[in-house]
Amino acid sequence: MKFFHIADVHLGAAPDVGCSWSTERKDEIWDTFRKLISKVKAEKIDLLLIAGDLFHGQPLVRELKEVNYLFTTIPDTKVVLIAGNHDFLKIDSHYQTFPWAENVLGLWSKDWSRVYLEDLDTYIYGLSYYSREIEEPLYQYIKPDTLRPEAVHILLGHGGDAKHIPLQPGALVDEGFDYVALGHIHKPEELIHNRAAYAGALEPIDRNDIGKHGFIRGKIEDGDVKIEFVPFAQGEYVVLDIPVDTQTTQTSLGELIRETIEEENRKDAIWKIHLVGKRAADMEFRTELYMGYGKIIQIEDFTKPDYDLEELKEQYKGSLIEEYIHAFEDAPKLPVNEKALEYGLWAMLETKG
Ligand SMILES: [Mn+2]
């Protein structure tokens, strides 16, 4: 049996609001989902697992029509889905009342339920969110049917943090689930080798979703599960370190950022720039001036001023500045102390004029 496990597609989300590429990203989220469905068809996948948050919010009927149409194009694939904390089942949610295609099975119950796929001799267990938060560890109460150990038992889950159904993947696997297909955490992660995994968001949804995104391709043969992560997203948030030194100026830094982005030559990247290294002690970079130099979502300045402490002590002998530097000389080399020294010196030197 071949399956795809996807999660957190967040259809309808518009990432990076206010940026010029926001609408493009919104369209790419839909587009990647369509491509995924084409891939399901091309690879003749038996089962498509959607582990919650297919939509970014409450789905409109026309959005469900769109999605259902896509599901009708893969009639030989069983689609099993649950509602997550973003698209949770509000009282008037269209999820339950929508006339889904025959191959689509929603586990819409608040308490756990399961579907049985006869052709695949597979049980899929799960539940849907009825509120934004669930603090109870609901998955630990779900037990796979031990009377049918020869069948495949899959848990479809969403959550894993304190406010969204905390869970222990190891305990679930020990209960007898062959595979635990999880959503909610946007970073893809194999929690237990071949047995429990977060597919991660199909496309990164915001600037915190750093790195590769895609879905999980799996195969179950004679009770043996094999999974692999497949990068599939059209966009990626990439951290880019830009080295600064004491000679770097506002203009030269701008040129360096522009050149580095050009050399990287990545159409899919949305940049998170980190300025690193030692800047001249009197230099302050106005990072907002570089924001238009590419698809840049954020520039953070991690540079440190290059103070010559010996020279400063000499120059300000007998003053508070000398005393201040002296006070830190015996202090443990902790980041917090370095910061205090840096900020304190900066404040004192600044007021000196
Ligand atoms: Mn979620």
Side-chain angles (χ1 to χ4, degrees), residues 4-17 25-26 28-30 32-33 36 48-60 63-64 67 79-91 93-96 105-113 124-142 154-169 172 179-191 196-216 229 232-233 235-237:
F4 280 0
H5 160 201
I6 66 170
D8 299 278
V9 185
H10 285 265
L11 296 169
D16 305 340
V17 168
R25 286 294 300 146
K26 184 179 179 167
E28 278 176 1
I29 289 173
W30 272 97
T32 300
F33 182 64
L36 187 277
L48 173 61
L49 299 164
I50 304 178
D53 288 355
L54 175 59
F55 286 92
H56 191 55
Q58 296 296 315
L60 305 171
E63 290 175 319
L64 293 182
V67 161
V79 180
V80 183
L81 69 160
I82 54 174
N85 60 313
H86 275 88
D87 53 1
F88 69 97
L89 292 171
K90 262 195 184 159
I91 209 134
S93 169
H94 300 298
Y95 262 140
Q96 279 167 294
L105 301 153
L107 295 169
W108 303 132
S109 171
K110 186 177 189 166
D111 303 309
W112 74 268
S113 64
I124 296 156
Y125 304 70
L127 54 86
S128 280
Y129 278 64
Y130 275 64
S131 56
R132 261 176 238 284
E133 295 181 355
I134 301 175
E135 293 186 19
E136 266 173 283
L138 295 178
Y139 296 128
Q140 74 187 40
Y141 312 130
I142 309 182
I154 293 173
L155 176 64
L156 189 56
H158 189 94
D161 63 35
K163 292 200 182 297
H164 305 94
I165 317 188
L167 57 87
Q168 288 177 289
L172 296 169
Y179 182 59
V180 181
L182 294 170
H184 184 60
I185 305 297
H186 285 189
K187 190 182 169 62
E189 191 184 354
E190 194 172 9
L191 299 169
Y198 283 105
L202 187 62
E203 281 280 343
I205 303 305
D206 71 34
R207 64 179 75 176
N208 299 313
D209 297 344
I210 292 168
K212 296 276 173 227
H213 283 78
F215 67 94
I216 284 171
F229 174 71
F232 201 64
E236 183 181 338
Y237 293 92

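Indexing begins at 1, ligand by ligand and atom by atom, following the structure's order. Sequence positions, counted from 1, serve as the residue numbers for this chain.
By the 30° and 60° cut-offs, the orientation of the rings of Tyr129 relative to His158 is perpendicular. Aromatic ring pairs are classed by plane angle as parallel below 30°, tilted from 30° to 60° and perpendicular above 60°; the pair Phe232 and Phe215 is perpendicular.
Taking 2.8 Å as the criterion, Asp53 counts as a coordinating residue of the Mn ion (ligand 1), since one of its N, O or S atoms falls below it. Taking backbone and side-chain atoms together, His164 has no N/O/S atom less than 2.8 Å away from the Mn ion (ligand 1). Checking His158 against the Mn ion (ligand 1), an N/O/S atom falls under the 2.8 Å cut-off.
Inter-residue side-chain proximity for Ile134 and His164 is flagged as unmet; no heavy-atom pair is nearer than 4.5 Å.
At the Mn ion (ligand 1), the angle from OD1 in Asn85 to ND1 in His184 is 90° when rounded to 10°.
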* Please lay out, stage by stage, how His5 and Tyr179 fare under the test side-chain hydrogen bond (donor to acceptor under 3.5 Å, both in side chains). => CA-CA 10 Å; His5 160 201; Tyr179 182 59; 2.8 Å; yes
